[in-house]
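This report refers to the structure that appears directly beneath it.
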Amino acid sequence: MCGRYAITATAERIEQVFDALWETASIDAERGAGAAALAASLAAVTLPRFNVAPTQMCPVVRAGADTSEARDRSTKGGGRGGGETRIVSMMRWGLVPSWADDPAIGNRLINARVETAPSKPSFRSAWKKGRCLVPISHFYEWKKEGSRKQPMAIRAAGEDDLLALAGLWDSWRDGLRSFTILTTEPNELLRSIHDRMPLILPPERWSRWLDPGWSGPDGAEELAEWSKPAPKSLLRAYAVATTVNSPRNDSPECVAPVVA
DNA sequence: CCAGACGTTGTT
DNA sequence: GTCTGG
DNA sequence: CCAGACGTTGTT
DNA sequence: GTCTGG
């Protein structure tokens, strides 16, 4: 599964890689704020994060309102085609369905199985209308070694500092926005660590996944195609210190390799 | 019809 | 909100 | 995911 | 043991 991760990229880097506008930046732009205010709003976003835990607020990339006004305001999106805007929003990790009585319900909905999410009451509406991407630099898995649990960090094999996890988001009482991370079967690398892994989407699938005019993968064949785990060669896994165990520790030590 | 659930993981 | 169970 | 709490009463 | 919080 995926119950903890890191996002070490800067706010600007996230905008660049995902061809998106930070939500606070769009709001400031609407108000006619200057470059200084824009820089300040980006600085207010707490990055980097080395130990993101469920219930915490983190950046999520979603489709923006696809209005001509929004397109005009954005200087981006031209090279991607489709013309849709992308927004980076801060959301709570742990999806709180719109019908929930208590937002604490989201504490357990931090993952959704891609094989079953389309038909689950908690996720079906988000599957159709709330698909998103979760930018991460590393995700953590705890490998069982006898009675011990060895924390492992998994990151892109190359120099890439960002991976995009497939996610779903929903809005609760017009205020709280929250998201969940889709999981799938593990690839050859992750199989030795855990029996599930997050669903990682390659850049060529981002637009389709975010397309608000599409209601998501449908039918067994399409679902299977979207559910395939990332290839082993994309990722690198290594042992890290138990520093990462406590969500209170949010330091570079969390992603630092150790001898297992 | 209304009432009640709605989720994942891991472990046994 | 929407589905299942009684 | 792991860490940490897990209860009531009354008083300040 | 099991639930809540981060």
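A, B, ... follow the sequence lines: proteins, then strands. Residue 1 opens every chain.
Residue R196(A) has a polar side-chain atom (N or O) positioned under 4.0 Å from OP1 or OP2 of dT9(B). For K149(A), no side-chain nitrogen or oxygen approaches OP1 or OP2 of dC1(D) to under 4.0 Å. The side chain of T183(A) contributes an N or O atom lying less than 4.0 Å from OP1 or OP2 of dT9(B).
L176(A) shares a hydrophobic cluster with V96(A), W172(A); the chain of contacts runs through ILVMFWY side chains whose heavy atoms sit under 4.5 Å apart.
Across dT11(B), dG6(E), dT9(B), the shortest atom-to-atom separation from the side chain of D195(A) is found for dT9(B). The side chain of K144(A) lies closest to dT11(B) when the candidates are dC2(D), dT8(B), dT11(B).
Expressed to the nearest 0.5 Å, how far CZ of R131(A) lies from CG of L210(A) amounts to 8.0 Å. Taking CG from L95(A) and CH2 from W169(A), the interatomic distance works out to 10.0 Å, rounded to the nearest 0.5 Å. To the nearest 0.5 angstrom, R177(A) atom CZ is 14.5 Å from R92(A) atom CZ.
Distance CH2 (W93(A)) to P (dC1(D)): 10 Å, rounded to an integer number of Å. Atom pair I193(A):CD1 and dT9(B):P shows a separation of 16 Å (rounding to whole Å applied). Distance R4(A) CZ to dG6(E) P: 13 Å, rounded to the nearest Å. The interatomic distance linking Q56(A) (CD) with dC2(D) (P) rounds to 15 Å, in whole Å. At whole-Å resolution of the value, CG in D250(A) and C1' in dC1(D) are 15 Å apart. Computed from coordinates, the L95(A) CG to dG1(C) P distance equals 16 Å when rounded to whole Å. Remark: C1' of dT8(B) and CD1 of I105(A) are 14 Å apart, rounded to the nearest angstrom. Regarding N249(A), its CG atom lies at a distance of 21 Å from the P atom of dG5(E), rounded to whole Å.
Aromatic ring centres of W127(A) and W209(A) lie closer together than 6.0 Å.
For the pair E188(A) and S233(A), the minimum side-chain heavy-atom distance is 4.5 Å or more.
Rounded to a whole angstrom, the distance from the P atom of dG10(D) to that of dT2(E) is 32 Å. Comparing the P positions of dA5(B) and dG6(E) gives an interatomic distance of 26 Å, to the nearest angstrom. A gap of 9 Å separates the C1' atoms of dC1(D) and dT9(B), to the nearest Å. Nucleotides dT12(D) and dC2(B) place their C1' atoms 49 Å apart, quoted to the nearest Å. One P atom belongs to dT8(D), the other to dG5(E), and the distance between them is 15 Å to the nearest Å.
Across all strands, I110(A) comes closer than 4.0 Å to base atoms (heavy-atom distances). Using a 4.0 Å heavy-atom criterion, one finds that N245(A) contacts the sugar-phosphate atoms exclusively.
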List the atom pairs, donor and acceptor, that lie under 3.5 Å between side-chain atoms in residues 156-166 of chain A and the rest of the protein, sequence neighbours left out.
unit_1: D161(A); atom_1: OD1; unit_2: R13(A); atom_2: NE; d: 3.2
unit_1: D161(A); atom_1: OD1; unit_2: R13(A); atom_2: NH2; d: 3.4
unit_1: D161(A); atom_1: OD2; unit_2: R13(A); atom_2: NE; d: 3.1

Validation: residues 217-226 of chain A side-chain donor-acceptor distances under 3.5 Å, sequence neighbours left out:
unit_1: E222(A); atom_1: OE1; unit_2: D218(A); atom_2: N; d: 2.8
unit_1: E225(A); atom_1: OE1; unit_2: K228(A); atom_2: NZ; d: 3.2
unit_1: E225(A); atom_1: OE2; unit_2: R205(A); atom_2: NH2; d: 2.8

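R113(A) meets the salt bridge (Lys or Arg N to Asp or Glu O under 4.0 Å) test with no other residue; sequence neighbours excluded.
Within residues 112-134 of chain A, the residues approaching DNA chain B are A112(A), R113(A), T116(A), K120(A), P121(A), S122(A), F123(A), by heavy-atom distance under 4.0 Å.
By the stacking rule of 5.5 Å between ring centres and under 30° between planes, W99(A) stacks on the base of dC6(B).
Stem analysis of DNA chain D (Watson-Crick or G-U pairs, both distances under 3.5 Å, runs of at least three) returns D:1-6 with E:1-6.
Ring geometry for Y5(A) against W93(A) counts as tilted: the plane angle lies between 30° and 60°, on a 0 to 90° scale.
Of the possible donor and acceptor atoms, none in the side chain of E185(A) sits under 3.5 Å from a partner among the backbone N and O of P229(A).
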